[in-house]
Amino acid sequence: MIAYFLSDLHLGAPYFPDSRAAELKVVRFLDSIRHDADAIYLVGDILDYWYEYRYVVPRGFVRFFGKLAELADSGIKIYWYIGNHDIWIFDYLPSELGIKVIPTFSIEDIDGKKFYLTHGDGIGKLKPSFKFLRALFRNKFCQSLFSAIHPRWTVPFAYNWSHHSRKAEGQPSPEDATRLTDNFHAFARDYLTKEHIDYFIFGHIHLFRSEQIAPDSQVIFLGEWISRCSYARWNGQDLTLHQLPNP
(Lines give C-alpha, C1' and ligand atoms only; values in the text may rest on other atoms or scores of the structure.)
Protein backbone atom coordinates (compact mmCIF):
# COMPACT_ATOMS: atom_id res chain seq x y z
CA MET A 1 0.00 0.00 0.00
CA ILE A 2 1.23 3.50 -0.86
CA ALA A 3 0.00 6.23 1.50
CA TYR A 4 0.67 9.96 1.76
CA PHE A 5 0.35 12.09 4.90
CA LEU A 6 0.22 15.88 4.94
CA SER A 7 -1.15 18.55 7.23
CA ASP A 8 -1.42 22.29 7.85
CA LEU A 9 -1.98 23.43 4.28
CA HIS A 10 -3.92 26.44 5.65
CA LEU A 11 -5.46 27.07 2.25
CA GLY A 12 -7.13 30.45 2.05
CA ALA A 13 -4.94 31.98 4.75
CA PRO A 14 -4.39 35.74 4.33
CA TYR A 15 -0.64 35.43 4.88
CA PHE A 16 -0.15 33.72 1.50
CA PRO A 17 1.02 36.37 -0.99
CA ASP A 18 -1.00 34.54 -3.67
CA SER A 19 -3.74 32.29 -2.30
CA ARG A 20 -4.62 30.92 -5.74
CA ALA A 21 -1.00 29.92 -6.36
CA ALA A 22 -0.89 28.13 -3.00
CA GLU A 23 -4.02 26.16 -3.89
CA LEU A 24 -2.69 25.26 -7.34
CA LYS A 25 0.57 23.99 -5.83
CA VAL A 26 -1.40 21.55 -3.68
CA VAL A 27 -3.55 20.52 -6.64
CA ARG A 28 -0.45 19.81 -8.75
CA PHE A 29 1.02 17.72 -5.94
CA LEU A 30 -2.18 15.69 -5.59
CA ASP A 31 -2.25 15.17 -9.33
CA SER A 32 1.37 13.97 -9.27
CA ILE A 33 0.61 11.18 -6.79
CA ARG A 34 -2.68 10.02 -8.28
CA HIS A 35 -1.14 7.05 -10.11
CA ASP A 36 0.58 5.46 -7.11
CA ALA A 37 -1.41 6.57 -4.04
CA ASP A 38 -3.77 4.11 -2.43
CA ALA A 39 -4.63 6.45 0.45
CA ILE A 40 -4.16 10.10 1.37
CA TYR A 41 -4.33 11.25 4.99
CA LEU A 42 -5.01 14.98 5.49
CA VAL A 43 -4.04 15.52 9.11
CA GLY A 44 -5.85 18.73 10.01
CA ASP A 45 -5.79 22.48 9.31
CA ILE A 46 -6.11 21.78 5.61
CA LEU A 47 -8.19 24.93 5.29
CA ASP A 48 -7.40 28.05 7.28
CA TYR A 49 -11.12 28.55 7.84
CA TRP A 50 -14.23 26.64 6.84
CA TYR A 51 -17.77 26.72 8.06
CA GLU A 52 -20.49 24.64 6.47
CA TYR A 53 -23.96 26.09 6.06
CA ARG A 54 -27.00 23.97 5.34
CA TYR A 55 -27.85 25.35 1.91
CA VAL A 56 -24.84 27.35 0.69
CA VAL A 57 -21.17 26.60 0.09
CA PRO A 58 -18.51 29.12 1.16
CA ARG A 59 -16.47 30.71 -1.58
CA GLY A 60 -13.11 29.27 -2.61
CA PHE A 61 -11.17 25.99 -2.84
CA VAL A 62 -13.00 24.84 -5.98
CA ARG A 63 -9.90 23.41 -7.65
CA PHE A 64 -8.74 21.71 -4.47
CA PHE A 65 -12.15 20.20 -3.75
CA GLY A 66 -12.50 19.14 -7.37
CA LYS A 67 -9.16 17.32 -7.27
CA LEU A 68 -10.10 15.53 -4.02
CA ALA A 69 -13.39 14.42 -5.57
CA GLU A 70 -11.60 13.22 -8.70
CA LEU A 71 -9.10 11.19 -6.66
CA ALA A 72 -11.81 9.73 -4.44
CA ASP A 73 -13.86 8.78 -7.51
CA SER A 74 -10.81 6.97 -8.92
CA GLY A 75 -10.70 4.73 -5.83
CA ILE A 76 -8.11 6.49 -3.65
CA LYS A 77 -9.13 6.51 0.00
CA ILE A 78 -9.00 10.01 1.47
CA TYR A 79 -9.16 10.74 5.20
CA TRP A 80 -9.52 14.24 6.63
CA TYR A 81 -8.71 14.76 10.32
CA ILE A 82 -10.34 17.76 11.95
CA GLY A 83 -7.87 20.43 13.08
CA ASN A 84 -8.34 23.61 15.06
CA HIS A 85 -8.76 25.74 11.91
CA ASP A 86 -11.13 23.44 9.99
CA ILE A 87 -13.30 22.37 12.93
CA TRP A 88 -16.63 23.03 11.25
CA ILE A 89 -16.71 20.30 8.64
CA PHE A 90 -20.05 18.55 8.84
CA ASP A 91 -21.81 16.72 6.00
CA TYR A 92 -21.03 18.60 2.79
CA LEU A 93 -17.42 17.56 2.21
CA PRO A 94 -17.95 13.86 3.02
CA SER A 95 -21.12 13.57 0.94
CA GLU A 96 -19.92 15.65 -2.02
CA LEU A 97 -16.26 14.64 -2.19
CA GLY A 98 -16.43 11.06 -0.98
CA ILE A 99 -13.88 11.50 1.78
CA LYS A 100 -13.97 10.22 5.35
CA VAL A 101 -13.83 12.88 8.06
CA ILE A 102 -12.22 11.90 11.39
CA PRO A 103 -13.31 14.18 14.28
CA THR A 104 -10.42 13.43 16.65
CA PHE A 105 -8.04 10.53 15.96
CA SER A 106 -7.86 7.07 14.47
CA ILE A 107 -5.55 4.08 14.62
CA GLU A 108 -4.93 2.66 11.16
CA ASP A 109 -3.40 -0.73 10.34
CA ILE A 110 -1.31 -0.25 7.20
CA ASP A 111 0.66 -3.22 5.93
CA GLY A 112 0.80 -4.68 9.42
CA LYS A 113 2.03 -1.44 11.05
CA LYS A 114 -0.06 0.61 13.45
CA PHE A 115 -0.41 4.33 12.78
CA TYR A 116 -1.88 6.71 15.36
CA LEU A 117 -3.13 9.79 13.50
CA THR A 118 -4.46 13.05 14.91
CA HIS A 119 -3.98 16.74 14.23
CA GLY A 120 -2.64 17.28 17.74
CA ASP A 121 -4.35 20.45 18.95
CA GLY A 122 -5.75 18.59 21.97
CA ILE A 123 -2.45 17.09 23.11
CA GLY A 124 -0.41 18.32 26.06
CA LYS A 125 -1.10 20.96 28.66
CA LEU A 126 -3.29 23.49 26.88
CA LYS A 127 -3.58 27.15 27.74
CA PRO A 128 -6.90 27.81 29.53
CA SER A 129 -7.92 30.28 26.81
CA PHE A 130 -7.20 27.77 24.03
CA LYS A 131 -8.96 24.98 25.93
CA PHE A 132 -12.03 27.21 26.37
CA LEU A 133 -12.13 28.21 22.71
CA ARG A 134 -11.62 24.61 21.58
CA ALA A 135 -14.59 23.46 23.66
CA LEU A 136 -16.66 26.46 22.55
CA PHE A 137 -16.02 25.90 18.85
CA ARG A 138 -16.95 22.22 19.10
CA ASN A 139 -20.14 22.83 21.07
CA LYS A 140 -23.22 22.02 18.95
CA PHE A 141 -25.37 24.78 20.42
CA CYS A 142 -22.66 27.40 19.87
CA GLN A 143 -22.23 26.17 16.32
CA SER A 144 -25.93 26.66 15.65
CA LEU A 145 -25.73 30.22 17.01
CA PHE A 146 -22.66 30.96 14.89
CA SER A 147 -24.38 29.69 11.75
CA ALA A 148 -27.13 32.28 12.27
CA ILE A 149 -24.62 35.13 11.78
CA HIS A 150 -24.23 36.29 8.19
CA PRO A 151 -20.99 35.08 6.53
CA ARG A 152 -20.11 38.65 5.55
CA TRP A 153 -19.23 39.13 9.23
CA THR A 154 -17.94 35.73 10.30
CA VAL A 155 -15.56 34.98 7.41
CA PRO A 156 -13.49 38.22 7.55
CA PHE A 157 -13.40 37.97 11.35
CA ALA A 158 -12.09 34.38 11.22
CA TYR A 159 -9.39 35.16 8.65
CA ASN A 160 -8.21 38.26 10.51
CA TRP A 161 -8.02 36.32 13.74
CA SER A 162 -5.98 33.59 12.07
CA HIS A 163 -3.66 36.15 10.48
CA HIS A 164 -2.89 37.98 13.73
CA SER A 165 -2.50 34.71 15.60
CA ARG A 166 0.08 33.41 13.11
CA LYS A 167 1.99 36.71 13.16
CA ALA A 168 2.08 36.64 16.95
CA GLU A 169 3.30 33.04 17.06
CA GLY A 170 5.95 33.21 14.36
CA GLN A 171 8.36 30.31 14.00
CA PRO A 172 9.06 28.54 17.29
CA SER A 173 12.46 29.08 18.87
CA PRO A 174 14.58 25.98 19.60
CA GLU A 175 13.45 26.16 23.23
CA ASP A 176 9.78 26.42 22.24
CA ALA A 177 10.19 23.60 19.73
CA THR A 178 11.61 21.37 22.46
CA ARG A 179 8.75 22.24 24.78
CA LEU A 180 6.16 21.56 22.09
CA THR A 181 7.62 18.23 21.05
CA ASP A 182 8.03 17.16 24.69
CA ASN A 183 4.24 17.29 25.07
CA PHE A 184 3.79 14.94 22.13
CA HIS A 185 6.58 12.63 23.26
CA ALA A 186 4.99 12.35 26.70
CA PHE A 187 1.63 11.56 25.14
CA ALA A 188 3.13 8.91 22.85
CA ARG A 189 5.15 7.24 25.61
CA ASP A 190 2.10 7.11 27.83
CA TYR A 191 0.03 5.62 25.01
CA LEU A 192 2.67 2.96 24.38
CA THR A 193 2.10 1.62 27.89
CA LYS A 194 -1.43 0.68 26.76
CA GLU A 195 -0.97 -0.28 23.11
CA HIS A 196 1.88 -0.60 20.67
CA ILE A 197 2.02 1.99 17.90
CA ASP A 198 4.66 2.00 15.19
CA TYR A 199 4.10 5.56 14.01
CA PHE A 200 2.47 8.51 15.77
CA ILE A 201 1.56 11.05 13.06
CA PHE A 202 0.94 14.66 14.15
CA GLY A 203 0.45 18.08 12.60
CA HIS A 204 -0.47 21.33 14.35
CA ILE A 205 2.90 22.62 15.55
CA HIS A 206 4.37 23.09 12.04
CA LEU A 207 7.61 21.28 12.86
CA PHE A 208 8.94 18.81 10.31
CA ARG A 209 10.87 15.89 11.76
CA SER A 210 10.90 12.22 12.68
CA GLU A 211 11.96 11.17 16.18
CA GLN A 212 12.52 7.74 17.70
CA ILE A 213 10.81 7.42 21.10
CA ALA A 214 11.12 3.64 21.48
CA PRO A 215 13.10 0.93 19.70
CA ASP A 216 10.21 0.25 17.35
CA SER A 217 8.13 3.44 17.58
CA GLN A 218 8.50 6.88 15.99
CA VAL A 219 6.82 10.27 16.32
CA ILE A 220 6.35 12.09 13.02
CA PHE A 221 5.65 15.82 12.72
CA LEU A 222 4.39 16.60 9.23
CA GLY A 223 5.44 20.25 8.93
CA GLU A 224 3.28 22.64 6.91
CA TRP A 225 2.57 24.03 3.44
CA ILE A 226 3.08 27.71 4.20
CA SER A 227 6.79 27.56 3.41
CA ARG A 228 7.99 23.92 3.60
CA CYS A 229 5.44 22.00 1.50
CA SER A 230 6.31 18.83 3.40
CA TYR A 231 4.75 15.40 3.63
CA ALA A 232 5.38 11.79 4.59
CA ARG A 233 5.12 8.76 2.33
CA TRP A 234 4.59 5.12 3.24
CA ASN A 235 5.89 2.79 0.51
CA GLY A 236 4.69 -0.50 1.97
CA GLN A 237 7.73 -0.98 4.19
CA ASP A 238 9.12 2.38 5.31
CA LEU A 239 7.86 5.85 6.16
CA THR A 240 9.95 8.64 4.66
CA LEU A 241 9.76 12.44 4.89
CA HIS A 242 9.84 14.70 1.84
CA GLN A 243 9.59 18.34 0.78
CA LEU A 244 8.64 19.79 -2.56
CA PRO A 245 11.60 21.48 -4.26
CA ASN A 246 11.56 25.28 -4.28
CA PRO A 247 10.30 26.70 -7.57
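Reckoned from all heavy atoms, side chains included, excluding hydrogens, waters and symmetry mates.
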Would a single hydrophobic cluster contain both [Y] and [X], if residues Ile, Leu, Val, Met, Phe, Trp and Tyr are joined by side-chain heavy-atom contacts under 4.5 Å?
{"X": "Trp80", "Y": "Leu222", "answer": "no"}
{"X": "Trp50", "Y": "Val26", "answer": "yes"}
{"X": "Ile2", "Y": "Leu6", "answer": "yes"}
{"X": "Leu11", "Y": "Ile99", "answer": "yes"}
{"X": "Leu42", "Y": "Leu244", "answer": "yes"}

Salt-bridged, [X] to [Y], with N to O below 4.0 Å?
{"X": "Lys25", "Y": "Glu23", "value": "no"}
{"X": "Asp31", "Y": "Arg28", "value": "no"}
{"X": "Asp36", "Y": "Arg233", "value": "yes"}

Quick one: are [X] and [Y] in side-chain contact, heavy atoms under 4.5 Å?
{"X": "Phe187", "Y": "Phe202", "result": "yes"}
{"X": "Leu192", "Y": "Ile213", "result": "yes"}
{"X": "Phe90", "Y": "Val101", "result": "no"}
{"X": "Leu9", "Y": "Ile226", "result": "no"}
{"X": "Phe105", "Y": "Leu117", "result": "no"}
{"X": "Glu108", "Y": "Tyr41", "result": "yes"}
{"X": "Ile78", "Y": "Lys100", "result": "no"}
{"X": "Ile40", "Y": "Leu30", "result": "yes"}

Rounded distance (nearest 0.5 Å) linking atom [atom1] of [X] with atom [atom2] of [Y]:
{"X": "Asp198", "Y": "Lys114", "atom1": "CG", "atom2": "NZ", "answer": "9.0 Å"}
{"X": "Ile76", "Y": "Glu70", "atom1": "CD1", "atom2": "CD", "answer": "9.0 Å"}
{"X": "Tyr4", "Y": "Asn235", "atom1": "OH", "atom2": "CG", "answer": "9.5 Å"}
{"X": "His242", "Y": "Cys229", "atom1": "NE2", "atom2": "SG", "answer": "14.5 Å"}
{"X": "Leu71", "Y": "Ile33", "atom1": "CG", "atom2": "CD1", "answer": "7.0 Å"}
{"X": "Ser7", "Y": "Ile201", "atom1": "OG", "atom2": "CD1", "answer": "10.0 Å"}

Can you confirm if the aromatic rings of [Y] and [X] lie within a centre distance of less than 6.0 Å?
{"X": "Phe200", "Y": "Phe115", "value": "no"}
{"X": "His206", "Y": "His10", "value": "yes"}
{"X": "Tyr191", "Y": "Tyr116", "value": "yes"}

Specify the closest pair of heavy atoms between [X] and [Y], including all atoms of both residues, with the distance to one decimal.
{"X": "Gly12", "Y": "Asp48", "result": "C-CB, 4.2 Å"}
{"X": "His119", "Y": "Asp121", "result": "CD2-OD1, 3.5 Å"}
{"X": "Asp91", "Y": "Pro94", "result": "O-CD, 3.2 Å"}
{"X": "Gln243", "Y": "Phe208", "result": "CG-CE2, 3.5 Å"}
{"X": "Tyr92", "Y": "Glu52", "result": "N-OE1, 2.9 Å"}
{"X": "Thr181", "Y": "Arg209", "result": "CG2-NH1, 4.0 Å"}

Open item on the list: Checking Phe221 against Val219 for the side chain to side chain contact (heavy atoms under 4.5 Å, CB included) test, could you report, in this order, the C-alpha distance in whole Å, the side-chain angles of both residues, the deciding distance, and whether it holds?
Closed with: CA-CA 7 Å; Phe221 299 102; Val219 168; 3.5 Å; yes
Open item on the list: Donor-acceptor check, side chain of Ser19 to backbone of Phe16, threshold 3.5 angstrom: yes or no?
Closed with: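 A pair under 3.5 Å: no.
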- [ ] Taking atom types as modelled, find out whether His204 and Asp8 have a side-chain donor-acceptor pair closer than 3.5 angstrom.
- [x]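 Side chains of His204 and Asp8: no pair found under 3.5 Å.
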- [ ] Applying side chain to side chain contact (heavy atoms under 4.5 Å, CB included), run through Phe65 and Leu93 and close with a yes or a no.
- [x] CA-CA 8 Å; Phe65 288 163; Leu93 294 186; 3.8 Å; yes
TODO: For Leu239 and Gln218, run side chain to side chain contact (heavy atoms under 4.5 Å, CB included): C-alpha distance rounded to whole Å, both residues' side-chain angles, the deciding distance at 0.1 Å, then the answer.
DONE: CA-CA 10 Å; Leu239 188 71; Gln218 295 180 45; 5.9 Å; no
Open item on the list: Would you call the rings of Tyr231 and Phe29 parallel, tilted or perpendicular, taking 30° and 60° as the class edges?
Closed with: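 Taking Phe29 first and then Tyr231, their aromatic rings sit tilted (interplane angle of 30° to 60°).
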TODO: Would you sort out whether Phe184 and Ile220 count as a side chain to side chain contact (heavy atoms under 4.5 Å, CB included), showing the intermediate values?
DONE: CA-CA 10 Å; Phe184 288 86; Ile220 310 296; over 6 Å; no
Open item on the list: Does Glu195 have more than 12 heavy atoms from other residues, nucleotides or ligands lying within 6.0 Å of its CD?
Closed with: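 Enclosed.
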- [ ] Under the side-chain hydrogen bond (donor to acceptor under 3.5 Å, both in side chains) rule, what do Asp86 and Tyr81 come out as? Steps first, then yes or no, please.
- [x] CA-CA 9 Å; Asp86 46 14; Tyr81 293 76; over 6 Å; no
